[in-house]
Structure formats: C-alpha cells, structure tokens
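Note sheet for the following structure.
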Amino acid sequence: MKLLLLLLAFCSISLSRCQEKLVPYDYSATIECLENPYKPQYNGGIIVNPDLQNGSQGWSQFGNAKVDFREFGGNKFVVSQQRNQSYDSVSQKVHLEKGLLYTFSAWLQVNKGNAPVRAVFKTNGEFKLAGSVVAESKCWSMLKGGLTVDESGPAELYFESEDATVEIWVDSVSLQPFTQKEWNSHHEQSINKARKGAMRIKVVDSEGQPIPNATISIVQNKLGFPFGSAVESNILGNQQYQNWFTQRFTVTSFENEMKWYSTEKVRGKEDYSTADAMLHFFKSHGIAVRGHNIVWADPRFQPGWVKSLSGNDFYNAVKQRVYSVVSRYKGQLAGWDVVNENLHFSYFESKMGPRASYDIYTMAHNIDPTATMFMNEYNTLEQPKDGNSSPARYMQKLRELQSIKNIRLAIGLESHFNTPNIAYMRSALDTFAATGLPIWLTEIDIDAPPNVRAQYFEQVLREGHAHPQVKGIVMWTAYNPSGCYRMCLTDGNFKNLPTGDVVDKLLREWGGLRSETTGVTDADGFCEASLFYGDYDINISHPFTNSGAARNFKLTFNDASSQTQPSIFKV
C-alpha cells in the first residue's frame, strides 16, 4: 500500500509539471495620469494585499514616515506622510530569487505639484532601483520597471522621493517573477505575432491545375526588419569591409561624417563630399541610412568656431546648419537624430533659451515635413539610476515636441550597456510603447569583460528584436583599425569576433544570410510556411516532370496582419 501511495504521489507531481503553464507577459503600460488606478498587473504577483483592499496587511512603515491607509471614491490606497528623508515611505517584505526576472508596477500620486518617485528594493545591504515615474497630484501615474538579483534572499520594497515635502500615495502594486524559460517564451510569442507571417504557396500548371509533390525552396534576400551597424568613412575604400557589411545589414548610421563638426570645420565652408559618397554607396546596395545628427547638445562636440558665437549670430549659425543638412538630404534618409542627447546636455538651451530643442525640431520639420524626427538619448534603457534620462523624464521632453503640428516623431534609445538589466529594459520599452510612436535601438554596444560581452550582447539584441514596438536596430560597432568605439564585430581581416558570431547566429534565426526554407506541395498544390517579413526568392521544381519555376515576392506586416488566413502566393 505504501508503494502504491508513493507511485501515485510521483505521478501527481509529474503530471503537474507536464501541465505547467507559462505565465504570459503583460506588455501594457499607461503614460497618462488617471483619476483612478488600474487593477494590479498579474493580480499583484507575489505582493501581499496589492490593491490595499485589506488595509495594512503586508505593508509597514519604512524610515520615519507616518503611514496612513485611506479610501476615496471606493478606492483604497496607502499614504506616506510627514516625511523627512527621501526614503521615508511605506514598504513590504518579499523574497527574491537569483535567476528569476521580475517585472514591477505600481500606481503613484503625490499630494502637491509633481515629484519623481522611485521604487527601490533593499537586498542584502544593496539597493536595486526597479524604476521611477514623475508622480502628480490629483491623479495616478503608473510606474513600470523591473529587476534581477545577484543572490537569493529577503528584500524590502519601498518608495522614495528627493522631495521630502510631498506625501507619497501608493496603490495597485505588482511584482511578478518569471523563469528564463517563460521569458524566452515571451520572445517567441511576440516574434510570431510581430515579426512573422504565414504564407501559403500554391503551385499550378499552365491550365491552372494544382501540382502536388513539387519541391519548394524559399530564400530570404532581405530582412524586413531594419537591422544594421554604424560605419565610418573607411568602408569606402575597403572591399572586404563592404562585402562583409552588405551581406548582412539593411540600415546604417554614419558615426561622424554627417555631424556639424565634420561638414563645416570652418564657418561658411561646407564639405559634404564624404557623407555624399557614403550615402551613394549605401543607396546603391539598398541599405537605408539614419541621419546622425543635425546638432549635438553636448558642448564638447561643436565646431570650434561655433563656441565663440552668441545671440543672433549663434541662432543664425544654427538655423543655417539645420537648413543646409536637412535640405541636402531631404527624402533620402530613414530619419534624423535632431538635437542629439538633449536630456543630458543643454548647450543649445544655454545659448538660445529653454525652447531651443523645440525650435530646432520645428526648423527641421518645416524643411522636410515627411522625415521622421528622432529624440535620441542614452541611459533610458541602460541605467535605471540615471534620473536625467529615465523614461519619465524622456516623456516630459517628448510631450513638448509632440506639440509641433504634424511632426513625425520617433523614439531613439542608444542602448550603450554595461551589464544589462533585461527585466528593466523590457518594462522601459513597454512604457515607451504606450506612446504609440516607433521605437528604435540606435547605438547598441556592450562595455563588459570579454568573457561575458557576447552573452550580454545577444541578450540585448534578442530583447530589442522581440519587443513588438521596436521597429529597427542599429549597433554602434563601426570598424576602425585603430579601435572601435566600445566593441567590434570583426577583426582587421573581417573575420567574426564572438560578437560578430552572435550577429550571424541571430541573422540566421531571423531569416537573414540567405537562409533557406524548404517544403513540398500537398495534393491540392499548397505548401505553407511561417516566414519573417522580408524579400524572398522562390524556386519550384518537380521530380517527375523535370520542370521548374522561379519567382520573387515580398512579405510585409500589412500583408499578413490584414489576413485572417495565410497570405497566398500563386505560381
């Protein structure tokens, strides 16, 4: 009898594992300040009493704040008041596990004005920032973030604000753990939905009758998803470099050649010859070019002659620069980085006043109204602790630019990572996705020890490619014999380094490098395939008739998304 019970117990455990369901990921985020918060994502995950319906259960004082549990209009929440330190708040104890990825969300409000509020996890003497938001009074703002931990153990969640005069109101808190298997399943589900389409190919003879048992070979010529690397002018004279690059990529940025300090070293003497030659080369190979950049907000990277200008003279020089470069390349680029890095730096604001970025974007838009204008910035995904470029701070600047009539804006996230916090990266992308604007990762590289660099690089590329609102990826890996900016993809003979191997591995997964898909038609002449969006060659042969046919077709998101059934291509 004991043996039978043990066998039954084993079968029960095995069955539960077999029937384990992976938790789907909730990509939703809200950037509007609302009268009432939404319900907690994942029903709160591992948070106890996430919607405060049970009063103080699970929640306690942190620091010296006075904690009060309130109700307004049927909504219950907790308030930290009489705060003297940034960390005086309300908290909850949780247990975090190494190896899991945690997505976090909470709804926050302050009692007056607005103030940045951060969510922090205290773990073994360390402080892990999960995310931040600019909380407002009289409405609720959603903070969405994420974290991982270096070792398992107890942790304490609390909220902090440098403005100790405000009360911090908290509601609808969620902390959801995911295994790496679940995280990978989210990638697969998102890619199948956002990056791939089903194609049915029907093969018929000259009289329109279906041909069964025909062999079909489908080869992708060009990725539909824009994926590429930055370059420097040394590609122009290097056939090896050209061959390596053009076999792989569909988009590029010039590291320096379009920048103001490169094209107008002396005032009034503009030289676009190098940029023109590079643009001509890439256009001839069907490779799109991002315009980088119109002006750069970092005071260190201005033409030398600009630094002595002031007043109207400075304004006119900027106006001439914008007109010169935007009109020259009008209609030829995949978008412009307009005032590069204008969250971290304010050179033009210091010279032209607080609306300088707005004015420069307006100038560029008026010259080329159909061009996509990017707001390009670093540390938006890379460093949760950088308050200058947090998603919330980015949104504040973006809203200012959105008031420009009919402007086509896009979000440029540079992505210069050290050790990636992938959980935070995804949540930050969710927040940006809530704008509905296209997102590009514009300058991906990794500054990490060689033994982990390729691994981190692959994590970031996979996360970016899988996110449904990311519309393009450019790596900041231009080859230079004297050294790449932070990382190279090849050696001087254009043999892949480990990071280059990562690129080729992913390209093959995504259908690049002329990856081949094969199949055989059924009795009705049909063959079905799930394909990444892109341009394809198709070859059809029949083993008995010794006949064949070749065609090409393009599969786009619009083609696939408009169909409830697979798109049909008839040969």
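Contact detail for P438 and L409: the closest heavy-atom pair is CD-O, 3.8 Å. Pairing each heavy atom of L441 with each of L429, the nearest pair is CD2-CD2, 4.3 Å. Pairing each heavy atom of H186 with each of V23, the nearest pair is NE2-O, 2.8 Å. Considering every non-hydrogen atom in both L147 and A130, the closest pair reads CD2-CB, 4.4 Å. Counting all heavy atoms, side chain and backbone alike, S427 lies closest to G145 at OG-O, 2.7 Å. For the pair G146 and N421, the tightest heavy-atom approach, listed with the atom from each and the gap, is O-ND2, 3.6 Å.
The distance from atom CG of D445 to atom CZ of F417, rounded to the nearest 0.5 Å, is 10.0 Å. Put simply, OG1 on T250 and CG on L223 are 5.5 Å apart, with the number rounded to the nearest 0.5 Å. Between the NZ atom of K471 and the CG atom of L437 there is a distance of 11.0 Å, given to the nearest 0.5 Å. Interatomic distance, F159 CZ to I168 CD1, rounded to the nearest 0.5 Å: 8.5 Å. One distance of note links CD of Q180 with CG of L101; it measures 5.5 Å at 0.5 Å rounding. Atom CG of D298 and atom CG of N340 lie 9.0 Å apart (nearest 0.5 Å).
Under a 4.0 Å N-O distance rule, the pair R118/E160 qualifies as a salt bridge. Using a 4.0 Å cut-off between charged side-chain N and carboxylate O, K128 and D150 make a salt bridge. Ion pairing between a basic and an acidic side chain is recognised when a charged N comes within 4.0 Å of a carboxylate O; E167 and R70 show such pairing. Salt-bridge annotation for D163 and R83: absent, with no side-chain N of the basic residue lying under 4.0 Å from a carboxylate O of the acidic one. Taking 4.0 Å as the cut-off between side-chain N and carboxylate O, K397 and E349 count as a salt-bridged pair.
Remark: the backbone N or O of Y158 is not paired with any side-chain donor or acceptor of Y87 at under 3.5 angstrom. Without hydrogens or angle criteria, E382 side chain to H416 main chain gives a donor-acceptor distance under 3.5 Å. Looking only at distances, a side-chain donor or acceptor of S190 sits under 3.5 Å from a matching main-chain atom of A466. A side-chain donor-acceptor contact under 3.5 Å links D88 to the backbone of Q85. Put simply, the side chain of T431 never gets that close to the backbone of I31: no donor and acceptor are under 3.5 Å apart. Looking only at distances, a side-chain donor or acceptor of E182 sits under 3.5 Å from a matching main-chain atom of T179. Proximity of a side-chain donor or acceptor of N54 to a complementary backbone N or O of Q57 within less than 3.5 Å is not detected. Using a distance-only test at 3.5 Å, with no hydrogens or angles considered, a donor-acceptor pair links the side chain of S515 to the main chain of G512. Formation of a donor-acceptor pair under 3.5 Å by the S161 side chain with backbone atoms of P116 is found in this model. At distances below 3.5 Å, not a single donor-acceptor pair connects side-chain atoms of E377 with backbone N or O atoms of S389.
Using bins of under 30°, 30° to 60° and over 60° for the plane-to-plane angle, the ring pair F227/W510 lands in the perpendicular bin. Using cut-offs of 30° and 60° for the angle between ring planes, the F532 and H465 rings count as tilted. The aromatic rings of Y25 and F178 lie tilted to each other, with the angle between the two planes from 30° to 60°. Between F345 and Y378, the ring planes lie tilted relative to each other; the angle falls in the 30° to 60° range.
Contact of the F348 side chain with the S357 side chain is not registered, since no non-hydrogen atoms from C-beta on lie closer than 4.5 Å. Looking at T477 and T499, their side chains never come closer than 4.5 Å, going by heavy atoms from C-beta outward.
Proximity of the aromatic rings of W140 and F77 is defined here by a centroid distance below 6.0 angstrom, and this criterion is met. Outside the 6.0 Å centre-distance limit, the rings of Y102 and F121 are not counted as a close aromatic pair.
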Note to self: One pair to check against side-chain hydrogen bond (donor to acceptor under 3.5 Å, both in side chains): N388 and H344. What are the steps and the verdict?
What the structure shows: CA-CA 6 Å; N388 290 324; H344 283 95; 4.7 Å; no
Notebook entry, point to check: Which is it for D171 and N75 under the side-chain hydrogen bond (donor to acceptor under 3.5 Å, both in side chains) test, yes or no, and what are the steps along the way?
Noted result: CA-CA 9 Å; D171 199 1; N75 182 50; 3.1 Å; yes
Note to self: With side chain to side chain contact (heavy atoms under 4.5 Å, CB included) as the criterion, how do H467 and D430 come out once you've worked through the C-alpha distance, each side chain's angles and the decisive distance to 0.1 Å?
What the structure shows: CA-CA 8 Å; H467 198 282; D430 294 345; 2.7 Å; yes
Check: Given S91 and E156, is the side-chain hydrogen bond (donor to acceptor under 3.5 Å, both in side chains) satisfied, shown in steps?
Finding: CA-CA 6 Å; S91 71; E156 193 164 10; 2.8 Å; yes
Margin query: Show, in sequence, the C-alpha distance, side-chain angles and deciding distance for V117 and Q109, and conclude whether the side chain to side chain contact (heavy atoms under 4.5 Å, CB included) test is met.
Written below: CA-CA 9 Å; V117 179; Q109 186 174 164; over 6 Å; no
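In N43, the CG atom is not crowded: 12 or fewer heavy atoms of neighbouring residues, nucleotides or ligands sit closer than 6.0 Å. Open room surrounds CD on E188; 12 or fewer heavy atoms of other groups in view lie less than 6.0 Å from it.
A donor atom on one side chain and an acceptor atom on the other are not found under 3.5 Å apart for Q92 and N49. No hydrogens or angles considered: a donor-acceptor pair under 3.5 Å links the side chains of Q41 and S28.
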